[in-house]
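Okay, structure first, notes after.
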2 protein chains.
Amino acid sequence: MHKYSKQTRLLLAVDCIIFGFDGEVLKILLIKRGFQPEKGNWSLMGGFVQVNESLDQASNRILKQLTGLEGVYLEQLHTFGETHRDPIERTVSTAYFALIDIHKYETQLSNDYHAEWFSLKRTPKLIFDQQEMVETAKRRIRYKAALHPILFELLPDRFTLPQLQILYESVFNATIDKRNFSKRVLATGLLIKLTDKDKKNSKRGAFYYQLNKKNYYAKFQAFMNFIPNPDTLLL
Amino acid sequence: MHKYSKQTRLLLAVDCIIFGFDGEVLKILLIKRGFQPEKGNWSLMGGFVQVNESLDQASNRILKQLTGLEGVYLEQLHTFGETHRDPIERTVSTAYFALIDIHKYETQLSNDYHAEWFSLKRTPKLIFDQQEMVETAKRRIRYKAALHPILFELLPDRFTLPQLQILYESVFNATIDKRNFSKRVLATGLLIKLTDKDKKNSKRGAFYYQLNKKNYYAKFQAFMNFIPNPDTLLL
DNA sequence: TTTAATAGTGTATGTTATACACGTTATATC
DNA sequence: GATATAACGTGTATAACATACACTATTAAA
């Protein structure tokens with residue numbers, strides 16, 4: 001037996017929603033699409049799945065092409081399969097989302113793709129159903145970050161508590177009491193206090209912390225319950 | 001512009017993990033596969049995605065073929081895209097999971113497919129990577145049920161607190177104090193106490209409850225925190 | 001009428017979440 | 001060098017929630 005005859009074969013694509021954090025707001029990386037249809041319009045980075053690569057491999061390849069990064073946080077989000085989502089030809093697309101340290105991102109590669117970071121609050125109109133993909137990714141990242149420490153993936157190796165708090169406040173669009181916040185994050189045992197300070201953002205300076213990697217991997221799946229009223233979060 | 005030329009088209013399938021609850025343990029519905037390869041072996045219900053149907057439509061069609069049910073809880077789980085997961089030909093499969101009231105399940109249809117319910121603890125060997133699909137579905141249902149009231153989808157319209165508790169204990173493989181359990185579930189405001197009792201399972205009889213549908217849909221996304229040590233749950 | 005089996009209920013204690021304000025530090029400025 | 005400034009870092013009291021735990025009620029069957 002060689003093939004499943006009489007079955008229709010479809011195009012299968014992968015699209016990546018790449019999140020970064022610049023210290024103030026969450027951003028996503030978009031490119032100007034280089035081919036028809038919708039050539040020149042803002043788009044997620046995507047591509048067709050090749051016959052000799054898995055979906056995970058395809059998404060990693062695409063992520064590397066756009067950011068130059070490998071080994072970053074990348075997770076399958078959802079597969080979008082409406083029949084006419086691509087007007088040219090039936091294409092099913094599996095969306096992935098990535099969380100990267102925006103400072104490690106290599107701009108020379110991005111220039112080849114005319115990539116730009118956009119604040120999530122001011123994203124341009126996207127092609128096809130990509131707006132829905134981004135919304136789904138935003139919901140997922142909020143949902144997951146309310147329960148698991150994924151947001152550290154957006155920060156550099158060394159970060160301060162004020163930076164971390166701004167990140168959480170940005171993702172959840174909420175203000176958090178800094179005394180309660182530091183109690184909570186320090187109670188997780190996930191952070192190691194370093195001896196030197198970041199002096200860029202204040203005169204006094206704020207102590208750097210880094211992740212306790214061992215605890216991080218061990219506790220990654222543990223729930224955290226950072227958010228006061230998670231009822232407002234949607235899956 | 002008519003087509004994306006030069007791109008490889010792949011087979012795209014949908015596989016359904018159908019959960020039911022018989023009052024004691026969680027079960028999944030399997031069929032004996034009717035065609036090669038692996039003909040006659042136990043398998044999830046699946047099929048190829050047709051060119052004129054979305055993924056959601058395909059999964060609903062397949063669910064209806066096997067169970068006769070429509071409008072039940074059905075959610076996309078994950079897309080499995082390893083290159084050689086199907087030995088015959090590269091096939092990417094999007095897995096869905098369904099939660100159904102086992103009593104509504106129509107057996108006449110199942111007989112056409114030689115379908116059988118299997119306790120999750122005693123499932124036969126499955127074809128391809130379907131064992132992994134089932135494991136992923138089990139993790140997802142536990143994870144989600146720890147936070148959202150999805151398990152009601154497995155129960156009949158009228159159910160008792162002891163039945164509900166057995167369901168939770170079965171899903172989480174844990175014992176729960178019944179005083180604390182009833183406090184918690186009643187505090188959600190999701191249940192309406194009825195006036196009559198189920199006398200099948202005890203001499204005294206246990207009051208029936210039904211879902212407050214309005215609150216159910218309103219609070220579905222709210223976190224519930226039913227489980228004492230969710231650290232043990234994996235995504 | 002006695003037995004057996006399951007249903008149903010309350011309280012005390014510990015843990016966790018929340019609300020809330022001021023002294024500390026280091027640079028920059030005068 | 002004194003002072004002003006701007007952000008950092010910390011503790012406590014209260015409320016809410018989670019947990020541990022045991023007996024009485026009900027009804028069918030013997």
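Order of the sequence lines fixes the chain letters, A, B, ..., with proteins taken first and strands second; residue numbering starts at 1 for each chain.
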Between protein and nucleic acid, restricted to nucleotides 26-30 of chain C and to nitrogen or oxygen atoms under 3.5 Å apart, what atom pairs and distances do you find?
residue	atom	partner	partner atom	Å
C:dA26	O3'	A:Lys203	O	3.4
C:dT27	OP1	A:Lys199	NZ	3.3

**Prompt:** Should the pair B:Phe152 and B:Phe159 be assigned to parallel (<30°), tilted (30 to 60°) or perpendicular (>60°) ring geometry?
**Reply:**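 The arrangement is tilted - the two ring planes meet at 30° to 60°.
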**Asked** Would you call the rings of B:Phe80 and B:His78 parallel, tilted or perpendicular if under 30° counts as parallel and over 60° as perpendicular?
**Response**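 The rings of B:Phe80 and B:His78 stand perpendicular, inter-plane angle above 60°.
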Taking [atom1] from [X] and [atom2] from [N], how many angstroms apart are they, rounded to a whole number?
X	N	atom1	atom2	answer
A:Lys193	D:dT10	NZ	C1'	10 Å
B:Arg179	C:dA12	CZ	P	14 Å
A:Leu186	D:dG9	CG	C1'	11 Å
B:Phe207	C:dT6	CZ	P	19 Å
A:Ile176	D:dG9	CD1	P	16 Å
B:Lys178	C:dG10	NZ	C1'	14 Å
B:Phe181	D:dA18	CZ	C1'	15 Å
A:Asp177	C:dA21	CG	P	10 Å

Report each atom pair, protein N/O against N/O of nucleotides 12-16 of chain D, whose distance is under 3.5 angstrom.
residue	atom	partner	partner atom	Å
D:dT12	O4	A:Lys183	NZ	2.7

**Prompt:** Regarding B:Lys197 and the six-membered ring of B:Phe207, is the cationic atom NZ or CZ under 6.0 Å from the ring centre and inside 45° of its axis?
**Reply:** yes
**Asked** Taking everything shown except A:Asp177 itself, do over 12 heavy atoms lie less than 6.0 Å from its CG?
**Response**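 Yes, CG of A:Asp177 has more than 12 neighbouring heavy atoms, counting only those of other groups under 6.0 Å.
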Do we see a donor-acceptor contact under 3.5 Å between the side chains of [X] and [Y]?
X	Y	value
B:Asp15	B:Ser93	yes
A:Tyr73	A:Glu75	yes
A:Tyr96	A:Asn60	no

**Message:** Within this structure, what is the CG-OG1 distance for the pair A:Leu77 and B:Thr79, rounded to the nearest 0.5 Å?
**Reply:**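 The OG1 atom of B:Thr79 is 10.5 Å from CG of A:Leu77, to the nearest 0.5 Å.
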**Message:** As an exercise, state the distance from CE of B:Met45 to OG1 of B:Thr67, rounded to the nearest 0.5 Å.
**Reply:** 9.0 Å
**Prompt:** Reckon A:Asn201 touches a base, only the sugar-phosphate, or nothing at all at heavy-atom distances under 4.0 Å?
**Reply:** sugar-phosphate
**Asked** With respect to the phosphate group of C:dT18, does any side-chain polar atom (N or O) of A:Arg184 fall under 4.0 Å of OP1 or OP2?
**Response**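 Answer yes for this pair, as a side-chain N or O of A:Arg184 is under 4.0 Å from OP1 or OP2.
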